[in-house]
Amino acid sequence: MSNVLRAVRGMNDILPADSPLWRYFERTVRGWLDLYGYSEVRTPILEHTGLFKRAIGEVTDIVEKEMYTFVDELNGESLTLRPEGTASCVRAAIEHNLLFEGGKRLWYAGPMFRHERPQKGRYRQFHQVGIEALGYAGPDLDIEHLLMTARLWRLLGLADHIRLEINSLGGADARARHREKLIAYFQAHEAELDEDAKRRLHTNPLRILDTKNPAMQTLVEAAPQLMDELDDSARTHFAAVQQGLDDAGIPYRVNPRLVRGLDYYNLTVFEWVTDRLGSQGTVCAGGRYDGLVAQLGGKPAPACGYAMGVERLLVMMQEAGLTPAVPAPDVYLVNVGEAAKRFAPEVAETLRDAGLKVLLHGGGGSFKSQMKKADASGARHAIIVGDDEAAVGEVAIKPLRLAGEQQRVALTRAAELLKG
RNA sequence: GUGGCGGUAGCUCAAUUGGUAGAGUCCCAGAUUGUGAUUCUGGCUGUUGUGGGUUCGAGUCCCAUCCGUCACCCCA
């Protein structure tokens, strides 16, 4: 294998054994998005580096050490493979004035890139489906997003394995106040902080609250709560979101320590989590980002959205045994003899004209081996063409799955017989 | 980026204190010269991830590296 080229680490081929699951997932997701009236946007995989720095935040882990950034040597521009989809989606909406007529419900799907250490459910090229509602301020869209995700889990058969956690981050001012209090509080207890916490104190103090170190639990529990800083409008918004979940009968847990890794979030944030994926438990997450449109140069517009990790959901589906049936052709066309070989493409095309999925045997081989392949293909029928049949424009139809006699008919009658 | 464990045929896995790399499956052919799933017979399949080192001799021991995996970090 030393001379063999390999895929880049953390970037996977999706092979025929897996593509039916992907297609099933994508089909389900598209139908589900149609139910809610969302429109697809497709943006480039590559953007100017500045877009992500401005949208995600200069000091986030993603921007500091996980982006695939390079200089286009032909013109000196710094470009970046998108690490997430919201920035591109919002950029496109601003660039093309999509919000001119008011709110827009959008979605996108595709590969994202982050230079992290690969692990199960975490890859350097991974896929997300993202949903964004731009131009809507009220909690009604937050609620719509939570209800629609709950429906998707039901459609995919994952509802029993996923639970919802929500929180409110308040406005920018509330978070700034909270951040200061938090830093002051932890500085006052610096002796009790572990190494991780000391490092995070000024980079990402919110993350200290998430520590898994049992020795710090009491310290963390007595820390200033973001919830206490929320103003009335943020409280009202959050209460309305919870009311909406209650009305819909969707169970959830308010997790005051739930934060987001991207700077643009405010007010409602949520995560759908599972305990079936080890440490990669977050399967879908998002929230409100009312400041982002203006931050990227657009006319100020509120917005909220979320993204799901496709690979993580697919692993869950596989482990739950929810894999779709392998697609099989309707007909496997066996052909033996020179005249038969010339006749076979006409037979195949005629049947395809009638909408039948036909796998034409390729590569020669004995009659027996062709029949074995016909069986292995999963086709319901084998069509057998020999020189005898070819000479008179007939085919032999043999049922492979159900009982029944083989019968020989004119090609012109074959399709109707196979479909009936 | 840090640490633990792992890597043998296309796939799933064996290989005794270091002593000639094996099985099942798959694939191919035949038993059955125009009939597939079962059965029987025969056959193909490897730079033991890669590169060095120790040794008379390395799948096995040592070093490096790549890839996977788990945890951390972070996140979908």
Side-chain angles (χ1 to χ4, degrees), chain A residues 1-12 15 17 56 60-66 83-86 109-131 149 162 194-197 199-200 203-204 206-207 210-213 258-262 270-274 277-286 305-316 332 334-337 340 361 363-389 396-401 405-406 408:
Chain A
M1 295 285 270
S2 55
N3 285 337
V4 178
L5 290 170
R6 304 181 52 116
V8 175
R9 185 178 199 193
M11 306 204 180
N12 300 310
L15 300 173
I56 298 169
T60 56
D61 274 33
I62 291 179
V63 168
E64 281 183 338
K65 50 191 190 191
E66 294 177 2
E84 58 105 44
T86 300
M112 307 294 163
F113 303 85
R114 293 183 198 172
H115 192 110
E116 298 182 277
R117 185 91 166 245
Q119 229 172 293
K120 186 180 188 181
R122 177 215 271 181
Y123 306 103
R124 290 183 175 180
Q125 173 175 326
F126 63 104
H127 295 74
Q128 284 188 338
V129 177
I131 287 83
T149 44
I162 304 185
D194 61 17
E195 286 307 310
D196 255 1
R199 180 174 54 76
R200 287 168 174 161
T203 60
N204 200 349
L206 274 179
R207 278 280 168 206
D210 248 351
T211 183
K212 286 162 186 162
N213 185 350
L258 182 63
V259 296
R260 309 267 63 243
L262 290 64
F270 65 87
E271 278 186 14
W272 289 91
V273 296
T274 180
L277 289 175
S279 57
Q280 267 67 247
T282 304
V283 123
C284 172
Y306 60 97
M308 62 190 91
V310 177
E311 283 85 352
R312 292 183 183 180
L313 289 167
L314 295 186
V315 169
M316 288 187 71
Y332 192 99
V334 169
N335 59 100
V336 182
H361 179 83
S366 70
F367 186 79
K368 182 191 175 84
S369 72
Q370 290 195 37
M371 284 305 292
K372 286 178 91 158
K373 286 187 171 133
D375 184 51
S377 76
R380 284 194 305 281
H381 297 276
I383 286 203
I384 298 160
V385 177
D387 290 343
D388 294 353
E389 287 87 349
I397 300 174
K398 179 183 172 99
L400 294 174
R401 304 282 161 243
E405 287 302 304
Q406 175 173 325
R408 189 164 153 172

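Numbers restart at 1 for each chain; the letters A, B, ... are given by sequence-line order, proteins then strands.
Put simply, CG on A/D387 is 11 Å from P on B/G34, counting in whole angstrom units. Across the protein-nucleic acid pair, A/D61 atom CG and B/G1 atom P stand 14 Å apart, rounded to whole Å. If you take CD1 of A/I62 and C1' of B/C74, they are 8 Å apart, rounded to a whole angstrom. Remark: P of B/C67 and CG of A/N12 are 12 Å apart, rounded to the nearest angstrom. When rounded to the nearest whole Å, the span between NE2 of A/H115 and P of B/C73 equals 19 Å. Atom CD1 in A/I397 sits about 21 Å away from atom P in B/G34, given to the nearest Å. A/E389 has its CD atom 12 Å from the C1' atom of B/U35, to the nearest Å. Distance, A/Q119 CD to B/G3 C1': 12 Å, rounded to whole Å.
At a threshold of 4.5 Å between non-hydrogen side-chain atoms, the residues A/Q370 and A/D375 do not count as touching. Proximity of A/I131 to A/M308: side-chain heavy atoms (C-beta onward) are separated by under 4.5 Å at one or more points.
Secondary-structure stems of RNA chain B, taken as three or more successive Watson-Crick or G-U wobble pairs (i with j, i+1 with j-1) under a 3.5 Å distance threshold, comprise B:1-7 with B:66-72, B:10-13 with B:22-25, B:27-31 with B:39-43, B:49-53 with B:61-65.
In the set B/C70, B/G68, B/C28, B/C28 carries the atom at the smallest distance from any side-chain atom of A/K373. Checked against B/G36, B/G34, B/G68, the side chain of A/R9 finds its nearest nucleotide in B/G68. Ranking B/A31, B/A76, B/C72 by closeness to the A/K368 side chain, first place goes to B/A31. In this structure, of B/G36, B/A71, B/C74, it is B/G36 that holds the atom nearest to the side chain of A/M371. The side chain of A/P118 has B/G68 as its nearest neighbour among B/C70, B/G34, B/G68.
Counting any heavy atom pair closer than 4.0 Å across all strands shown, A/A374 reaches no nucleic acid atom. A/S366 comes within 4.0 angstrom of sugar-phosphate atoms only, judged by non-hydrogen atoms across all strands, and of no base. No contact: A/R408 has no heavy atom under 4.0 Å from any strand. Using a 4.0 Å heavy-atom criterion, one finds that A/G85 contacts no nucleic acid atom at all. Within the nucleic acid shown, A/G286 has no heavy atom closer than 4.0 Å to any nucleic acid atom. Among the heavy atoms of the strands, none lies under 4.0 Å from A/V336. Within 4.0 Å of A/L313, counting heavy atoms only, lies no atom of the nucleic acid at all. A/E66 comes within 4.0 angstrom of sugar-phosphate atoms only, judged by non-hydrogen atoms across all strands, and of no base.
In this structure, A/E311 and A/A396 both approach RNA chain B, and ranking their closest nucleotides by distance from the 5' end singles out A/A396. The 5' end of RNA chain B is approached more closely, in terms of each residue's nearest nucleotide, by A/D388 than by the other of A/A285 and A/D388.
The base of B/U35 sits within donor-acceptor range of the side chain of A/Q406, with an N or O pair under 3.5 Å.
In terms of heavy atoms, A/A379 sits closest to A/Y332 at CB-N, 3.7 Å. Closest approach of A/N335 to A/A340, counting heavy atoms only: CB-O, 4.1 Å. Across every non-hydrogen atom of A/A396 and A/Q406, the tightest pair is CB-NE2, 3.5 Å. Summarising the geometry of A/A109 relative to A/V129, their closest heavy-atom pair is CB-CG2, 4.0 Å, with the distance given to 0.1 Å. Considering every non-hydrogen atom in both A/K120 and A/V315, the closest pair reads CE-CG1, 4.0 Å. Residues A/D388 and A/R408 approach most closely at O-NH2, 3.7 Å, considering heavy atoms.
Taking atom P on both nucleotides, B/A9 is separated from B/U50 by 10 Å, rounded to a whole Å. For the C1' atoms, the distance from B/G52 to B/U41 is 46 Å, rounded to whole Å. B/A15 and B/G49 are spaced 15 Å apart, taking the P atom of each and rounding to whole Å. Taking atom P in both B/U38 and B/C27, one finds a spacing of 9 Å when rounded to whole Å. For B/C70 and B/U48, the C1' atoms lie 24 Å apart once the distance is rounded to whole Å. Spacing between B/U32 and B/G42 at atom C1', rounded to whole Å, works out to 16 Å. Nucleotides B/U20 and B/G59 are separated by 13 Å at their C1' atoms, to the nearest Å. Remark: the separation of the C1' atoms in B/A21 and B/A14 is 10 Å, to the nearest Å.
Counting only distance, with no hydrogens or angles, the side chain of A/R114 and the backbone of A/P83 share a donor-acceptor pair below 3.5 Å. Looking at A/R312, its side chain does come within 3.5 Å of a backbone N or O of A/T282 through a donor-acceptor pair. For A/R124 (side chain) and A/E116 (main-chain N/O), a donor-acceptor pair under 3.5 Å exists by modelled atom type.
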Pair A/H115-A/K65, side chain to side chain contact (heavy atoms under 4.5 Å, CB included): steps then yes or no: CA-CA 7 Å; A/H115 192 110; A/K65 50 191 190 191; over 6 Å; no
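Here A/S369 does not reach the OP1 or OP2 of B/C28: none of its side-chain N or O atoms lies under 4.0 Å away. At B/A29, none of the side-chain N or O atoms of A/K372 fall inside 4.0 Å of OP1 or OP2 (strictly under the cut-off). OP1 or OP2 of B/A76 has not a single side-chain nitrogen or oxygen of A/T282 nearer than 4.0 Å. Phosphate contact (OP1/OP2 of B/U69, side-chain N/O of A/R117, threshold under 4.0 Å): absent.
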Letter per nucleotide, 5' to 3', of nucleotides 8-13 of chain B [B base touched, S only sugar-phosphate touched, - untouched; heavy atoms, 4.0 Å]: ------
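For the side-chain contact (heavy atoms from CB on, under 4.5 Å) criterion with A/V283, the lone passing option out of A/V310, A/V273, A/I162 is A/I162.
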